[in-house]
Novice: 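Structure provided below as structure tokens; questions to follow.
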Amino acid sequence: FILILTFALSFIEVVSNIYSTNPQPLGDWWYHFEYAKNYAVAKLALFNSTLNQANGGLPYPPLFQLFLVPSVVLNIGYSFAYFWELIAYSLAVFSIMYLVYKIRDIKTSVIVGLLIISSLAFFDRAIAIPESFELIFYPLAYLFFLKRNWIPFLVVSLVMVYSHGIPSII
């Protein structure tokens with residue numbers, strides 16, 4: 001029931017964004033989409049000085065942009081961004097609920113899930129930007145760390161670093 005509720009509330013929030021006064025994917029999605037456009041035509045955008053200006057002149061880790069490349073190739077950029085917002089938000093809530101379930105119990109997990117769903121601040125980061133990967137994978141990394149399961153911990157941590165850089169694990 002909670003899974004269906006989470007997905008339904010996520011859907012409502014994403015659809016309300018689509019039909020808002022600013023019907024574009026939230027955040028700096030367009031910036032990452034420009035990187036993806038370069039990667040889609042086999043240009044090494046990692047050291048593109050024009051794109052890197054928004055990041056203080058530093059290259060942006062490419063994982064999230066490479067994730068967007070199929071949407072560029074298929075010419076479904078905005079549609080994919082809206083779809084990813086729906087999926088990312090749901091996966092991030094599920095990921096946190098799973099962590100709480102493994103540490104505590106199902107009742108606490110449900111309460112935490114409902115609190116997170118009601119948080120507009122959480123929704124602001126679970127959008128079509130690299131931070132969405134962090135929201136999904138950080139709780140899993142924490143769980144793997146607690147269980148001393150080092151290989152999955154390393155893999156999940158690397159996904160976060162290659163999607164948003166070192167700040168994602170600090």
Side-chain angles (χ1 to χ4, degrees), residues 3 6-98 116-117 119-142 144 152-170:
L3 299 178
T6 303
F7 187 78
L9 290 174
S10 303
F11 182 77
I12 290 167
E13 288 189 69
V14 170
V15 169
S16 68
N17 173 47
I18 292 170
Y19 291 105
S20 70
T21 56
N22 183 16
Q24 297 180 355
L26 295 172
D28 58 355
W29 175 84
W30 61 270
Y31 168 71
H32 299 287
F33 193 68
E34 288 301 316
Y35 269 104
K37 285 180 183 177
N38 280 280
Y39 289 128
V41 293
K43 287 185 182 175
L44 184 60
L46 193 61
F47 299 106
N48 183 320
S49 59
T50 306
L51 287 174
N52 290 339
Q53 282 179 335
N55 197 33
L58 299 171
Y60 219 97
L63 186 62
F64 184 74
Q65 290 84 9
L66 293 172
F67 175 73
L68 292 176
V69 166
S71 71
V72 171
V73 172
L74 297 173
N75 199 24
I76 57 168
Y78 281 95
S79 299
F80 180 77
Y82 292 130
F83 175 73
W84 178 246
E85 287 177 7
L86 175 62
I87 298 302
Y89 186 74
S90 299
L91 288 174
V93 172
F94 294 152
S95 179
I96 293 169
M97 289 176 64
Y98 183 73
I116 289 172
I117 290 171
S119 168
L120 193 57
F122 184 81
F123 177 71
D124 182 50
R125 294 292 95 194
I127 56 178
I129 56 177
E131 288 91 334
S132 63
F133 279 6
E134 293 172 23
L135 287 175
I136 294 166
F137 291 113
Y138 195 85
L140 298 175
Y142 184 68
F144 292 138
F153 169 73
L154 179 63
V155 169
V156 169
S157 297
L158 286 173
V159 165
M160 291 189 296
V161 168
Y162 281 109
S163 66
H164 198 247
I166 297 296
S168 64
I169 59 170
I170 295 176

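Keep in mind the model is a prediction, meaning the values are calculated, not measured. These values consider heavy atoms only, across backbone and side chains, with no hydrogens, waters or symmetry-generated copies.
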Novice: Under the side chain to side chain contact (heavy atoms under 4.5 Å, CB included) rule, collect the residues that match up with Leu154, sequence neighbours excluded.
Specialist: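 Residues passing side chain to side chain contact (heavy atoms under 4.5 Å, CB included) with Leu154: Leu158.
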
Novice: Please list, chain by chain and in numerical order, all residues satisfying side chain to side chain contact (heavy atoms under 4.5 Å, CB included) with Ser71, sequence neighbours excluded.
Specialist: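 Testing Ser71 for side chain to side chain contact (heavy atoms under 4.5 Å, CB included), a comparison that skips the adjacent residues, returns Phe33, Leu68, Ile76, Phe80.
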
Novice: Could you pull out all residues at least two apart from Pro70 that satisfy side chain to side chain contact (heavy atoms under 4.5 Å, CB included)?
Specialist: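 By the side chain to side chain contact (heavy atoms under 4.5 Å, CB included) rule, Pro70 matches no residue at all.
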
Novice: Answer yes or no: is there a donor N or O on one side and an acceptor on the other, between the side chain of Tyr89 and the main chain of Ile117, under 3.5 Å?
Specialist: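 Side chain of Tyr89 to backbone of Ile117: a pair is present.
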
Novice: Mind checking the OG-CD1 spacing from Ser95 to Ile136? Nearest 0.5 Å is all I need.
Specialist: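 So the gap between those two atoms works out to 7.5 Å.
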
Novice: Determine the minimum heavy-atom distance between Pro61 and Tyr162, stating which atoms define it.
Specialist: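 Looking at all heavy atoms of both residues, the closest pair is CB-O, 3.2 Å.
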
Novice: Which pair of non-hydrogen atoms, one from Met160 and one from Ala141, has the smallest distance, and what is that distance?
Specialist: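 What the structure gives for the nearest pair is CE-CB, 4.0 Å.
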
Novice: Taking all heavy atoms of Pro130 and all of Ser163, pick out the closest pair and write down the distance.
Specialist: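 Shortest heavy-atom contact: CB-O, 3.0 Å.
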
Novice: List for me each residue that meets ring pair (Phe, Tyr, Trp, His ring centres under 6.0 Å) alongside Tyr35, sequence neighbours excluded, and say none if there are none.
Specialist: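 Applying ring pair (Phe, Tyr, Trp, His ring centres under 6.0 Å) to Tyr35 gives Tyr31.
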
Novice: What are the two closest non-hydrogen atoms of Ala40 and Val72, and how far apart are they?
Specialist: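 For Ala40 and Val72, the tightest heavy-atom pair comes out as CB-CG1, 3.6 Å.
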
Novice: Suppose the criterion is salt bridge (charged side-chain N to carboxylate O under 4.0 Å, His left out): which pairs have a residue in residues 53-63, not counting sequence neighbours?
Specialist: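 For residues 53-63, and leaving out neighbouring residues, there are no salt bridge (charged side-chain N to carboxylate O under 4.0 Å, His left out) pairs at all.
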
Novice: Once salt bridge (charged side-chain N to carboxylate O under 4.0 Å, His left out) is applied, what residue pairs with a partner in residues 37-57 remain, sequence neighbours excluded?
Specialist: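 As it turns out, the salt bridge (charged side-chain N to carboxylate O under 4.0 Å, His left out) pairs with a partner in residues 37-57, which skip direct neighbours, are Glu34-Lys37.
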
Novice: Rounded to the nearest 0.5 Å, how far does CG of Leu135 lie from CG of Leu91?
Specialist: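 These two atoms lie 11.0 Å from each other.
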
Novice: Could you give the distance from CZ (Phe144) to CZ (Phe137), rounded to the nearest 0.5 Å?
Specialist: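 These two atoms lie 9.5 Å from each other.
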
Novice: Can you name the residues that form a side chain to side chain contact (heavy atoms under 4.5 Å, CB included) with Tyr142, not counting sequence neighbours?
Specialist: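 Residues passing side chain to side chain contact (heavy atoms under 4.5 Å, CB included) with Tyr142: Leu99, Ile103, Leu146.
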
Novice: Just to verify, what does Tyr98 make a ring pair (Phe, Tyr, Trp, His ring centres under 6.0 Å) with, not counting sequence neighbours?
Specialist: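 By the ring pair (Phe, Tyr, Trp, His ring centres under 6.0 Å) rule, Tyr98 matches no residue at all.
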
